[in-house]
Amino acid sequence: MKFFFPDSHDLVDPSFDFVTEARSETRIRQRNDQYAHEVFEAPPYSGLLVSKAIVDGTEKGSGKYTIAQRHRLLRVGVHEFFRIGDRPLETMGDCGAFSYVREQVPPYTVEQVIDFYLNCRVDYGVSVDHVILAFQSEESAATEAGREALDGYQRRQDITLQLAREFLTLHKGRKLPFTPLGVAQGWSPASYARAVKELQKMGYTYIGVGGLVPLQSDDILAALSAIDKVRKPATALHLFGVNRCEHLDEFRDYGVVSFDSTSPLLQAFKHDRDNYYTESFKYSALRVPQVEGNAKFGSRIRAGEVNQDQARKLEQACLQGLMRFDRQGGSVPRLVKLLRDYDLIHDGRKDRSEDYGKTLEDQPWKTCSCRVCRDLGIHVVIFRGAERNRRRGFHNLYVTYHHFHQPT
Ligand SMILES: [Zn+2]
């Protein structure tokens with residue numbers, strides 16, 4: 001099972017000092033900062049997924065790439081841009097269809113997307129698609145409201161299939177140097193199966209199943225089961241945006257050979273509590289936000305709700321206490337109380353003491369073999385600033401990837 005990591009220009013600064021929180025003055029971001037595959041001895045994924053929407057910066061409020069970076073990627077290709085070197089990493093290109101899901105039609109032509117793949121020099125290129133943001137069981141599709149909604153869904157599926165046909169025709173005609181993936185979009189098990197049948201008829205043998213991200217696992221499995229009934233033995237499936245480790249064996253049985261997901265990285269700093277993965281449990285990272293440069297703190301300090309000196313003192317007491325605990329152990333309840341005292345002035349809406357206690361009792365970073373945990377120690381579970389949070393995301397990628405590569 002291959003795991004592709006969707007790039008969104010996530011790098012860490014190797015010169016960052018976790019005790020002083022200073023960086024090297026000679027750091028040049030583009031040259032010195034590291035991708036996850038440069039941080040570990042071996043990459044924590046099988047490949048990189050590069051989306052046109054991310055590179056172009058059309059994704060809502062992102063602008064992940066500067067104009068210079070975008071030009072450089074399109075000039076030198078993914079291999080050189082991501083400094084892949086001789087690492088065993090494959091590369092896949094797609095459009096990033098979720099970024100334009102609200103549009104009537106995809107904003108890119110097939111020609112534009114093919115140009116993007118050729119400039120990037122990816123190993124796999126995904127046909128242009130349009131996401132259907134809905135899922136109906138066969139029962140709900142039979143209701144009146146269900147039938148009304150179908151028109152819109154059918155239109156999006158037709159667009160996706162038509163673009164897949166154009167994509168493959170151009171691919172064959174011009175003998176393009178990447179492997180084509182056709183996208184199946186659907187809104188029910190039967191409609192997904194129909195899409196796969198059509199794509200196989202066109203000649204696709206590698207099919208990406210899209211629009212699954214918001215679905216419940218049972219619905220995903222129902223769709224895959226329906227697809228499986230029409231799937232030719234030689235047809236392999238890719239799941240877009242899906243990371244459900246617990247169903248790995250079923251996915252494999254349904255012909256899934258690859259998937260991609262950003263959630264291991266994003267959960268490190270977006271999930272309310274499941275921030276640090278281990279094989280058996282997801283731990284809560286310990287929130288010690290910076291007083292300096294923190295908008296929420298700033299407004300509370302200006303409003304007189306928070307005393308700046310007291311906040312700074314508590315912040316430092318938490319950081320020093322955690323570092324001391326990592327070196328020489330100590331009382332978990334006392335540390336949890338300190339974190340709670342700080343929490344009460346920066347947020348306080350939720351008492352996280354129990355979750356924090358578990359993280360500190362179990363000390364999962366001490367038994368993780370990944371390089372991030374070995375290098376950072378307790379800093380990997382401190383929820384604070386991009387350098388720590390992103391590295392915790394890299395650790396999550398490592399744990400996820402190793403889960404898929406365990407002998408079963
Ligand atoms: Zn680790």
Side-chain angles (χ1 to χ4, degrees), residues 1-8 10-19 21 33-48 87-89 243-246 248 259-288 318-319 322-329 332 335 339 352 355-407:
M1 185 74 71
K2 290 180 192 170
F3 169 42
F4 283 84
F5 175 56
D7 158 71
S8 78
D10 303 297
L11 296 121
V12 294
D13 173 6
S15 80
F16 186 79
D17 182 317
F18 288 89
V19 177
E21 303 197 324
D33 283 10
Q34 294 180 326
Y35 294 103
H37 54 266
E38 297 180 291
V39 166
F40 297 100
E41 289 89 345
Y45 31 75
S46 340
L48 284 168
R87 294 178 181 87
L89 282 180
N243 172 31
R244 317 273 165 114
C245 300
E246 63 280 18
L248 196 63
F259 68 97
D260 66 86
S261 172
T262 46
S263 60
L265 178 79
L266 294 184
Q267 285 206 348
F269 45 91
K270 291 209 165 152
H271 200 280
D272 185 50
R273 56 188 291 204
D274 297 344
N275 317 118
Y276 178 93
Y277 289 15
T278 68
E279 187 65 34
S280 54
F281 190 78
K282 288 175 179 154
Y283 287 90
S284 281
L286 315 166
R287 290 165 196 258
V288 188
C318 288
L319 288 174
L322 289 168
M323 284 190 265
R324 201 178 317 114
F325 176 80
D326 201 24
R327 282 195 307 272
Q328 60 196 53
V332 169
L335 257 183
L339 289 165
R352 303 174 186 272
D355 294 336
Y356 287 177
K358 177 149 179 70
T359 305
L360 289 166
E361 287 290 352
D362 292 359
Q363 305 183 37
W365 65 93
K366 290 201 168 166
T367 46
C368 178
S369 57
C370 94
R371 190 168 190 172
V372 167
C373 294
R374 289 192 332 256
D375 287 355
L376 261 63
I378 198 166
H379 291 285
V380 73
V381 295
I382 301 179
F383 199 122
R384 174 184 172 90
E387 292 296 339
R388 285 182 182 82
N389 295 347
R390 205 169 283 153
R391 278 176 177 82
R392 185 168 55 259
F394 286 4
H395 151 92
N396 289 348
L397 283 170
Y398 174 95
V399 171
T400 304
Y401 182 64
H402 283 261
H403 178 82
F404 292 116
H405 281 259
Q406 267 182 5

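We count ligands from 1, going down the list as the structure has it; atoms in each ligand are counted the same way. In this chain, numbering begins with 1 at the start of the sequence shown.
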Q) Where do Val380 and Tyr276 come nearest, in terms of heavy atoms and distance? A) CG1-CE1, 3.8 Å
Q: Could you tell me which residues satisfy side chain to side chain donor-acceptor pair (under 3.5 Å) with Gln328, sequence neighbours excluded, listed by chain and number?
A: none
Q. Which atom pair, heavy atoms only, marks the closest approach of Leu89 to Pro43?
A. CD2-CB, 3.8 Å
Q: Please work out whether the ring planes of His37 and Tyr45 are parallel, tilted or perpendicular, with thresholds of 30° and 60°.
A: perpendicular
Q | Geometric cation-pi criterion Arg371 and Phe40, 6.0 Å radius, 45° cone | A | no
Q | Ser15 side, atom OG; Gln34 side, atom CD - distance, nearest 0.5 Å | A | 10.0 Å
Q: Sort by chain and number the protein N/O/S atoms that are closer than 2.8 Å to the Zn ion (ligand 1), and list them.
A: Cys368 SG, Cys370 SG, Cys373 SG, His395 ND1
